[in-house]
J.: 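Take this structure first; my questions come after.
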Amino acid sequence: MTATLCNFLVGSPCLAATAVTAVAINAAAFFLYGRDKTLARKGRRRVRERTLMGVALLGGATGALAGMHVFRHKTRHLKFRLGVPLALLVQWAAALYLLAAWLVRQ
């Protein structure tokens with residue numbers, strides 16, 4: 001059902017799959033940042049910074065940035081303060097480029 005709705009909204013099975021994947025990776029990034037903040041408060045073993053940054057770089061920068069602000073987490077670390085927004089810019093630029101290229105072919 002989700003794929004059908006996404007296909008209707010986006011107009012292409014490939015774009016629909018990409019949209020579903022993007023939502024999933026960003027939700028995962030948001031969840032990981034929230035989980036790490038909870039673990040930090042409890043003094044328990046944490047999510048690795050490599051994992052947090054990795055999920056942001058692999059397409060979850062929107063969710064990661066949202067998680068950073070909602071949970072007030074990793075906002076003092078320079079590599080997160082600069083790296084996540086930079087990844088976000090690159091991902092949105094790539095998405096807009098691919099969308100424009102797809103629209104031109106239609």
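Only a predicted model underlies this, so the values are computations on that prediction, with no experimental measurement involved.
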J.: Can you give me the closest heavy-atom contact between A87 and A56, atom names plus distance?
T.: CB-O, 4.2 Å
J.: What's the separation between atom CD1 in I25 and atom OG1 in T62, rounded to the nearest 0.5 Å?
T.: 11.0 Å
J.: Is any side-chain heavy atom of F30 closer than 4.5 Å to one of V70?
T.: yes
J.: Is there a side-chain contact between K74 and E49 (heavy atoms, below 4.5 Å)?
T.: yes
J.: Are any of the side-chain heavy atoms of M53 and V84 separated by less than 4.5 Å?
T.: yes
J.: Side chain to side chain contact (heavy atoms under 4.5 Å, CB included) with F80: which of L65, L52, T75?
T.: L52
J.: Measuring from atom NE2 of H77 to atom NZ of K79, what distance do you get when rounded to the nearest 0.5 angstrom?
T.: 8.0 Å
J.: Examine V55 and W92 and state if one hydrophobic cluster contains both, with Ile, Leu, Val, Met, Phe, Trp and Tyr joined whenever side-chain heavy atoms are less than 4.5 Å apart.
T.: yes
J.: To the nearest 0.5 Å, tell me how far M68 CE sits from R76 CZ.
T.: 12.5 Å
J.: How long is the span from the CG atom in L57 to the CG atom in L88, to the nearest 0.5 Å?
T.: 11.5 Å
J.: Output, in order, the C-alpha distance, side-chain angles, deciding distance and verdict of side-chain contact (heavy atoms from CB on, under 4.5 Å) for F71 and T38.
T.: CA-CA 9 Å; F71 303 113; T38 300; over 6 Å; no
J.: Apply side-chain hydrogen bond (donor to acceptor under 3.5 Å, both in side chains) to D36 and list each qualifying residue two or more places apart in sequence or on a separate chain.
T.: R46, H73
J.: Say you draw a straight line from CD of Q91 to CG of L86; how long is it, rounded to the nearest 0.5 Å?
T.: 9.5 Å
